[in-house]
Number of protein chains: 2
Amino acid sequence: MVSIKDVARDAGVSPQTVSNCINNPSIVKPATRKVVQASIARLNYTPNASARRLRTQRSNTIGIGIAPVSYSQVYDRFLHALVTEADANGIRVLLYKTDSQQDEIRQFAALAARGDVDSFVLTDTTHDDPRLAWLHEHHQPFVLFGRPWGCGAMDDPSTPWVDVDGHYGIAEMTRHLILHGRKHIGFIGWPGVSGTGTDRYQGWRDTMLDARMVSGDELGQLYEEASNDIIAGQTACIALLDRRPDLDAIICVSDTLAVGAATALPNDTDIVITGFDDTVSSRSMGLSSIAQPLTESARHIIRITQEQLDAPAAAFTGTNDGGGAASTADSHSTGAPEIVAGAYTGSGSDGGGRGASSTSPVATPATAAATVPATVIARDDRHILLKPTIVIR
Amino acid sequence: MVSIKDVARDAGVSPQTVSNCINNPSIVKPATRKVVQASIARLNYTPNASARRLRTQRSNTIGIGIAPVSYSQVYDRFLHALVTEADANGIRVLLYKTDSQQDEIRQFAALAARGDVDSFVLTDTTHDDPRLAWLHEHHQPFVLFGRPWGCGAMDDPSTPWVDVDGHYGIAEMTRHLILHGRKHIGFIGWPGVSGTGTDRYQGWRDTMLDARMVSGDELGQLYEEASNDIIAGQTACIALLDRRPDLDAIICVSDTLAVGAATALPNDTDIVITGFDDTVSSRSMGLSSIAQPLTESARHIIRITQEQLDAPAAAFTGTNDGGGAASTADSHSTGAPEIVAGAYTGSGSDGGGRGASSTSPVATPATAAATVPATVIARDDRHILLKPTIVIR
DNA sequence: CTGTTAGCGCTTTCAT
DNA sequence: ATGAAAGCGCTAACAG
């Protein structure tokens with residue numbers, strides 16, 4: 001392995017100068033820098049990560065857990081997005097197992113103690129999540145993907161999170177259906193009260209009531225619950241149509257349920273089924289869905305992580321610094337999203353056409369969703385709520 | 001952070017003795033060891049990973065890639081299994097992105113040069129995979145999950161792999177259906193020649209021909225191809241039933257296709273649909289499927305990785321060392337699988353009932369598949385072919 | 001602007 | 001059986 005000394009000898013300078021060329025090029029005389037960089041290239045030198053970590057006491061690595069099974073079908077795409085954004089910022093991603101929340105806490109302790117990671121990314125936050133308590137107690141940096149529902153930490157500066165606005169997504173989808181002439185729009189949701197599920201449900205409910213498409217009394221008839229699998233989706237769809245044969249659209253809280261519902265439809269029907277997450281399955285079935293801006297989410301997660309680590313002692317002020325999301329990233333952030341401070345349950349037509357032709361976030365079937373940068377609705381720069389993209393097929 | 005010096009001071013010994021207590025306890029006098037271990041526990045000491053890595057020049061980390069999308073729905077479970085087995089052996093798992101094979105090669109170079117990982121785990125090997133060429137050329141250790149189909153490296157000692165026997169799984173499923181009175185069994189496979197797809201297809205074909213359930217001429221009528229999505233599965237199923245209304249079972253090369261096929265079935269039918277991978281989707285639909293022994297696979301991958309790293313210079317002899325898979329793992333491997341050397345396309349009834357009541361690998365509906373240790377059919381201890389478990393529902 | 005010194009935390013010699 | 005010395009490769013702090 002070629003080390004910094006080899007480069008130094010080759011370039012006729014001291015190891016320190018080589019180090020400076022890499023970590024602080026501006027303080028090296030251009031001529032010297034040139035020579036050193038030539039040596040680096042010729043010898044194909046790459047700094048040893050362990051040595052650097054030992055010296056700087058920074059691993060430049062974040063940890064993220066993987067559960068025994070993932071029901072969402074979106075986790076692998078999220079991981080890819082996260083790794084991609086991390087990679088672009090010189091950060092590595094370490095995977096650890098999470099068989100339970102307690103197990104994850106054990107992993108926190110081990111990984112943090114060994115200095116394997118600087119920070120963690122958490123998903124699937126639950127009510128009174130013990131992981132948050134542990135992390136806070138041990139002053140361990142982290143970022144949530146998903147809001148800390150019911151933890152009372154929604155606005156806590158020391159509980160940064162990035163999430164996708166399910167309420168908005170479902171509301172937008174509902175509006176789209178209404179605008180295209182659908183009169184009786186049902187909803188299949190998850191049972192129980194989950195933050196995410198309830199949020200999405202309310203997106204449908206609020207829009208339906210706002211548009212006077214349904215009375216409060218009638219709402220229950222258009223609603224069905226189903227655990228997150230295909231069969232449950234089928235069952236719920238059948239129950240819904242049984243109760244309300246006049247339905248002409250059913251919005252599902254997930255793609256899995258949408259796939260189930262779609263397969264339970266009579267052959268000759270015109271009923272529209274929509275899902276959430278724009279998975280391969282729903283896409284192959286031609287269902288409209290709601291795509292989470294995973295790349296954008298990952299970008300913010302990495303940005304916040306970087307900010308935390310670069311300014312560990314600086315207390316968070318709680319005020320938006322004016323620059324917003326775009327201010328930190330050094331040349332990486334292409335198409336930096338605008339930050340629209342304020343409530344996130346806004347009406348669909350937010351000001352500011354931010355792209356080419358389409359003023360609505362509804363993507364045309366042909367143009368892929370990925371090209372449109374996600375719009376941000378945020379409280380401040382450590383609590384980021386992203387708008388999903390409605391994908392109509 | 002508490003370091004080895006702190007422990008040494010606390011225990012009244014030298015840092016070296018503390019180090020020995022951790023890495024080589026047997027050479028420390030029991031009394032001293034006791035004292036040191038008490039200090040370690042009291043101070044809650046964990047050795048710093050970077051320092052150890054720098055000193056030993058070993059990262060004890062393996063790298064594995066994540067693609068932009070995964071169609072298999074099994075990758076996340078594999079990752080969990082891999083991380084779990086790695087964790088049990090003191091190995092960390094670093095995730096890197098793989099947008100293409102070339103991209104992955106770039107990652108290899110970067111990660112290897114920085115000393116971030118010792119070895120890689122590769123999946124989705126293709127014909128003349130450029131990644132293998134690169135790894136060989138740079139003497140970079142790795143293990144494949146999945147055979148190197150068509151690379152001519154199937155028996156190459158320096159190309160270790162772990163795979164699950166799709167031919168066997170599908171053959172066993174076919175036999176099961178035959179034994180339960182199914183007379184006309186169709187197959188939905190993937191188009192084109194993929195190693196995995198063809199292997200599974202042949203499991204059906206060989207069994208059908210062996211059992212005289214079909215003539216060679218007739219075979220084509222019972223076979224349909226479909227790209228790996230739900231709609232394609234539906235279409236193929238309909239085409240199949242259209243051509244052969246007498247079908248009473250359809251074996252699908254994947255769960256995704258099985259789900260599609262199942263949803264395309266008439267309401268009152270008795271036709272059995274089976275899939276591959278035992279995913280949440282197919283399970284929720286009550287479909288029989290074939291479960292890959294992911295934990296077992298991961299265990300072998302980690303074992304081989306360890307062996308490679310522990311004996312870097314030792315040339316592989318190509319002979320089974322007699323101990324087989326169970327010989328290396330130190331106390332971790334519970335229920336070590338037997339190794340049955342020989343051809344892998346054996347007839348179903350291989351000798352040796354290895355468990356309780358059931359002599360056939362067909363699991364009963366009630367007892368979960370996971371409890372049965374996977375049987376190994378292997379050429380040698382660096383080329384491991386595992387038997388999947390047939391899950392009947 | 002560049003070089004020297006020192007040390008991050010650990011483990012492999014080699015003495016004792 | 002234990003300790004002392006050295007150094008893995010790198011970078012912060014200072015001196016020049």
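Chain A is the first sequence line, chain B the second, and so forth, proteins listed ahead of strands; every chain is numbered from 1. All values below come from the heavy atoms of this structure, side chains included, with hydrogens, waters and symmetry mates left out.
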Checklist outcome for this item: On a heavy-atom basis, the closest approach of H383(B) and P157(B) is CE1-CA, 3.9 Å
Next on the checklist: Per the salt bridge (Lys or Arg N to Asp or Glu O under 4.0 Å) rule, what does the pair list look like for residues 32-46 of chain B, sequence neighbours excluded?
Outcome noted: D10(B)-R42(B)
Checklist entry - Can you name the salt bridge (Lys or Arg N to Asp or Glu O under 4.0 Å) partners of R92(B), sequence neighbours left out? => result D116(A)
Item to check | side chain to side chain contact (heavy atoms under 4.5 Å, CB included) against D156(B), all qualifying residues, sequence neighbours excluded | outcome: H136(B), A153(B), S158(B), T159(B)
Item to check | For the student: nearest non-hydrogen atoms of V2(B) and N44(B), plus distance | outcome: CG1-O, 3.9 Å
Item to check | Heavy-atom protein contacts under 4.0 Å, nucleotides 11-16 of chain C, coded B base, S sugar-phosphate only, - none | outcome: BB----
Item to check | Counterpart residues, salt bridge (Lys or Arg N to Asp or Glu O under 4.0 Å), relative to R58(B) (two or more places apart) | outcome: D118(B), D310(B)
Item to check | Inter- and intrachain pairs under side chain to side chain donor-acceptor pair (under 3.5 Å), touching residues 19-32 of chain A, at least two apart | outcome: Q16(A)-N20(A), S19(A)-N23(A), N23(A)-R52(A), N24(A)-S26(A)
Checklist entry - What is the distance, rounded to the nearest whole Å, between atom CZ of R53(A) and atom C1' of dG7(C)? => result 19 Å
Next on the checklist: When you compare the side chain of T61(B) with that of R53(B), does any pair of heavy atoms fall below 4.5 Å?
Outcome noted: yes
Checklist outcome for this item: F78(B) meets the ring pair (Phe, Tyr, Trp, His ring centres under 6.0 Å) criterion, sequence neighbours left out, with F145(B)
Checklist entry - Does anything in residues 24-34 of chain B reach DNA chain C, meaning a heavy atom under 4.0 Å, and if so which residues? => result none
Next on the checklist: Considering only residues two or more places apart or on different chains, which pairs with a residue in residues 81-91 of chain A satisfy salt bridge (Lys or Arg N to Asp or Glu O under 4.0 Å)?
Outcome noted: E85(A)-R299(A)
Let me check something: any side-chain donor-acceptor pairs from residues 104-114 of chain B under 3.5 Å, sequence neighbours excluded? List them with distances.
unit_1  : atom_1 : unit_2  : atom_2 : d
E104(B) : OE1    : R131(B) : NH1    : 2.8
E104(B) : OE2    : Y96(B)  : OH     : 2.7
R106(B) : NH2    : D103(B) : OD1    : 3.3

Checklist entry - When the distance from CG of N60(B) to C1' of dC10(C) is rounded to whole Å, what number comes out? => result 13 Å
Item to check | Interatomic spacing from OG1 in T98(B) to CG in D124(B) - rounded to 0.5 Å | outcome: 8.5 Å
Item to check | Value in whole Å for how far the P atom of dC10(C) lies from CG of L54(A) | outcome: 9 Å
Checklist outcome for this item: DNA chain D: first to last nucleotide in contact with chain B (atom under 4.0 angstrom from a heavy atom), 5' to 3', is dA1(D) to dG9(D)
Checklist entry - Is a side-chain donor-acceptor pair under 3.5 Å present for D99(B) with H80(A)? => result yes
Next on the checklist: Taking the axis from the first five pairs and the axis from the last five, what angle separates them in the helix from dC1(C)-dG16(D) to dT16(C)-dA1(D), rounded to 10 degrees?
Outcome noted: 40°
